[in-house]
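No experiment lies behind these values; they were computed from the predicted model shown. Each chain gets a letter, A, B and so on, in the order its sequence line appears, and its residues count up from 1.
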2 protein chains.
Amino acid sequence: MHGWAGKILDVNLTTRAIQTRALDETSARLFLGGRGLGARLLWDEVGAGIDPLSPENVLIFTTGPLTATGYQTSNRFSVSTKSPLTGTILDANSGGYWGMQFKRAGYDALIVRGRAETPVYLEIKPSGITFHDAQTLWGKRVRATTHALGQNNHKRNVLCIGPAGENCSRIAAIMNDGERALARGGAGAVMGSKNLKAIVVEGNTRPEIVNQELFKFMLYETRKLLRASPLTSQALPEFGTSVVMNIVNTIGALPTRNFQQSQFEAGRAEAIAGETLTEKYLVKNAACWACPIGCTRISKTARGEGEGPEYETLWAFGAQCGIDDLPAIIEANSICNDLGLDTISAGSTIGCAMELTERGLLDSDLRFGRADLLAPTLEAMGARRGIGAELADGSARLAKQFGAPELSMSVKGLEMPAYDPRGMQGQGLLYATSNRGACHMRGNMLGLEVLGLPKLIDRFQVQGKSSFVILHQNSAAAIDSLVICKFTNMGVAEEYFARVLTAVTGIPYATGELIRVGERVWNLERLYNLREGFTRADDTLPPRLLNDAVTEGPSQGWVAKLEPMLQEYYRVRGWDAQGVPKPRKLKELGLDSCVVQ
Amino acid sequence: MHGWAGKILDVNLTTRAIQTRALDETSARLFLGGRGLGARLLWDEVGAGIDPLSPENVLIFTTGPLTATGYQTSNRFSVSTKSPLTGTILDANSGGYWGMQFKRAGYDALIVRGRAETPVYLEIKPSGITFHDAQTLWGKRVRATTHALGQNNHKRNVLCIGPAGENCSRIAAIMNDGERALARGGAGAVMGSKNLKAIVVEGNTRPEIVNQELFKFMLYETRKLLRASPLTSQALPEFGTSVVMNIVNTIGALPTRNFQQSQFEAGRAEAIAGETLTEKYLVKNAACWACPIGCTRISKTARGEGEGPEYETLWAFGAQCGIDDLPAIIEANSICNDLGLDTISAGSTIGCAMELTERGLLDSDLRFGRADLLAPTLEAMGARRGIGAELADGSARLAKQFGAPELSMSVKGLEMPAYDPRGMQGQGLLYATSNRGACHMRGNMLGLEVLGLPKLIDRFQVQGKSSFVILHQNSAAAIDSLVICKFTNMGVAEEYFARVLTAVTGIPYATGELIRVGERVWNLERLYNLREGFTRADDTLPPRLLNDAVTEGPSQGWVAKLEPMLQEYYRVRGWDAQGVPKPRKLKELGLDSCVVQ
């Protein structure tokens, strides 16, 4: 008896062929689910060099072995595809209810391939899969689409794109449950290119749990730890993710005005921080399915009500654009959710446009501090209209087009999140090496370099830093493959997750094997990028961070000292000096059959 | 207003002069207390090259800023001296009640210098310090001495040496509260060389807590975390430290028969593990003052009742000697406590003698498995009688004397504890670099390399390992300077300790500053050893571990790959290739006035 009863649903939009097949047990054991399984499937499905917006690309939605079991935060799911923004492998994941519902419809993964001739949406129920015409939905925004398709948190859940995805904006998100995003890297554009407006799911089967007794014990133990941890019991429920705004600003690591400064002026970070959001605009907290933390904010201003904004969003439309007008940021967030746009990339791209304009390279009204232009600019981006057409494909293309590629604050084309690597050296190494481009969710150093959870390391130290980054990258990849929320890991060690995995599958998993899954996933993603032609030269940061020292504040005098960290990183990873995994490492990970050329 | 109201008591046994002086605030801020303050004082008090057993050596007893405040596990205290076993700097610390009582007598530190002409004991009360003749106590064992001097856990506490210390055994411990040891490195011999039998303390003043509100909040938060952590709420209270015996044996890291094997045979580790101890011989749990964990075992056999044995002791007289006779081990532990002998060094030295005998180098009856010889051998060691005279100064001197120095399983002369570095590479680096010689309490890798708390790293990996060892070494040095119990840190991050320190002293301490104290202490200890003539060549492991691969079990084929880890370690520490702290590092730590030559 075991817990890998998974099924893969395979839908061809061109031919309308529908297949199901069993998830092979070896892949399940080696890659678990979520991001890992997605990478494994994508490796086989999509060969090198295809256009991400062509019918040859696939969208792979995955759940994990814990999804829908009821374990704390077992609500998440993942999408894998080749990114139209970066050309790298991409995965993005989201909380909410859709993932749980999809798993309860009886599937572990959904592969969507081809392209529908005219807009369609898919309906997935235990009783069968249906194609529906979506021509009347095409052009509708996310909330309207979600409502029209009968969203009901516990019974019927809607995943869809908005106008941004329809218009193949390379920073378009896939949205679910009306307000939640598979945000980064432009998966929404891939869905749009396929003429797939939405996927609606209804489920009714509960996943099997082999060892109920152990499972219940782990539920109980996890609850205790989440209630004791200051982050999961206090900071996140009370203030949401933006509780870190003041902390990051205080240490001089809050990128400001397109990373020209690393600290927002006195009072201005406070004005957009979680404390202010809670005090002035919070309606109530909410939570994803099976989540006892409840970091979700429902906020309301004169111009509307909705989920968020999260810390990264507050930064992207705030400090990054020199803006401290919280209602304007809340509105920008709400528009992005409704258009289906990645807030980090959208905000950072606007910040980039502001600098291009101030430097006389771009002819626009966008200037740092122009809060009034956020909403119209975003609307124009979603519609690919006017200036919005220039911004809709992200900052790298924008900055290149206007002759200053160095002003895009991105890695591999993905905009950096809200931490300045000059004030958090490990975070810089993380950005430079993340396989989907600059990302804070593949091993965030905030805990180690700033908060001191579970330990504090010197944020400026360079020597020996790679070990910590690699540890957290592998751990994050494992957690993304389970799939659960990384906030749980703020209070609960991976050892617990291994025991839960054991309880659910009946297969004894040691903690080391779980972490090893993460390392395997990381290396496979690296192989994917190498196959696409990425090289060591792509593991870098914008020249501003490497060359221009911070001029004031607690990080004054610092640049990102990437090169020595990178060399050490390759060595500790078991890769050669060019960043290519050595055959011995691949063999150790069971990846020796994955050949790059 | 601040919390450094400390006083140093300075007692000269030769002249009977007694002085008190204020603890200078700079030292207090930079070194806190405990091990850190002890190192700082010792650096000034004891110049290079003195004989540790001469009157020139000093014994420095220290408490820390948290001692006796009532914060969880704020019961510990520390002794610092030049070790007669290793010639390095030495500190050893202990829980119980004595430290709390000493602090409540109004002191932060006690320096004992010189030598009394005839045996004396000291009595320290708030009302004054008294010298007492101890000639009638001389020769008495620890329990008898403690009883004779009126031990009363909450009112009057006794610290003393037993016959081993009197006879200047270089592995003699200083004992307190009848059963607890400042065990390692031979501090008991220093006390014996000074003709100081005991120090009795009575206290009545509570230390000041500047911010009571914050302090109470931290008490509450800490309690929550200790109750949620599986180690502090379950494993340690239920089974004591020996709960790890089966775990360490299962992975093939339990040194067996003087490190000839790394795994004890099937059933034999189980026979001496915490589960068996609890089932068969546990009378009840006990706890140090202000400790909610309560890992202390009170065990009883036909041959007596007493505290312990701890994991290390069970190993030292168990696997290390090829013995699985639990009652014999419990008895050996009890004898050591009564004679005042370090159980790790005593057991490991007997194991060494067993191998010397089996190899025909030593003429004795000691052979692996001879449980019946433990008690008589220990009695002979305490009395320096017969074979005991050969063993009383530890395995390094024994093995050298009988022509096989490589058979002493020690680093810098201090016997290694119960983890085989061939199965835990980071632990090997820890042993090789620990400033008092091989030690598991200066940054134990058990959590990271085995338990996965707070994270799991690959126990066999060498590249990148030094970062973790250094992180834990610095953290351990900070905690030893506070002084609290490291088990608290299993569930509670250093960030909490920084906030408690802030509450107690009124001086805002950031987590980073606290860890920096640990790094400062580590570097000062290193300077002390360099001043004594130690070099890079002393940062090593017994040749057996470097050259002889494990022949079976889960660590099969492994040796300790020390050299690459050591090179990386020096680099990450900011030391030169010879292991000497660079001037820049010393300046950064405020240690530039500490000159080695």
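A:Asn474 does not touch chain B: none of its heavy atoms, backbone or side chain, sits under 4.5 Å away. Using a 4.5 Å cut-off between heavy atoms, A:Thr511 contacts chain B through both its backbone and its side chain. Contact annotation for A:Leu451: only backbone heavy atoms (N, CA, C, O) come within less than 4.5 Å of a heavy atom of chain B. Both the backbone and the side chain of A:Leu225 have a heavy atom closer than 4.5 Å to some heavy atom of chain B. Within the 4.5 angstrom heavy-atom criterion, only side-chain atoms of A:Tyr496, from C-beta onward, approach chain B. Heavy atoms of B:Gln234 lying under 4.5 Å from chain A belong exclusively to its side chain. If you measure heavy-atom distances from B:Leu456 to chain A, the contacts under 4.5 Å come from both the backbone and the side chain. Heavy-atom distances place the side chain of A:Arg516, and not its backbone, under 4.5 Å from chain B.
The line from CD of B:Gln461 to CD1 of A:Ile470 is 7.5 Å long, rounded to the nearest 0.5 Å. To the nearest 0.5 Å, atom CD of residue A:Glu588 and atom CG of residue B:Asp458 are 7.5 Å apart.
Between B:Pro454 and A:Ala493 the shortest heavy-atom distance is O-CB, 3.7 Å.
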Discussion item. Go through it in stages, so that I can follow the logic: the residues are B:Lys455 and A:Glu494, the test is side-chain contact (heavy atoms from CB on, under 4.5 Å), and I'd like the CA-CA distance, side-chain angles, deciding distance and then a yes or no.
Written reply: CA-CA 7 Å; B:Lys455 290 271 178 193; A:Glu494 290 82 356; 2.6 Å; yes
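The stretch residues 564-581 of chain A participates, sequence neighbours left out, in no salt bridge (Lys or Arg N to Asp or Glu O under 4.0 Å) pair at all.
Interface summary for chain A: among B:Gly512, B:Gly464, B:Ser233, the most heavy-atom pairs under 4.5 angstrom belong to B:Gly464. Ranked by non-hydrogen atom pairs under 4.5 Å with chain B, the options A:Ser229, A:Ser475, A:Ser466, A:Ser467 are led by A:Ser467.
Here A:Val462 pairs with A:Gln425, A:Lys561, A:Pro564, A:Met565 under the side-chain contact (heavy atoms from CB on, under 4.5 Å) rule; sequence neighbours left out.
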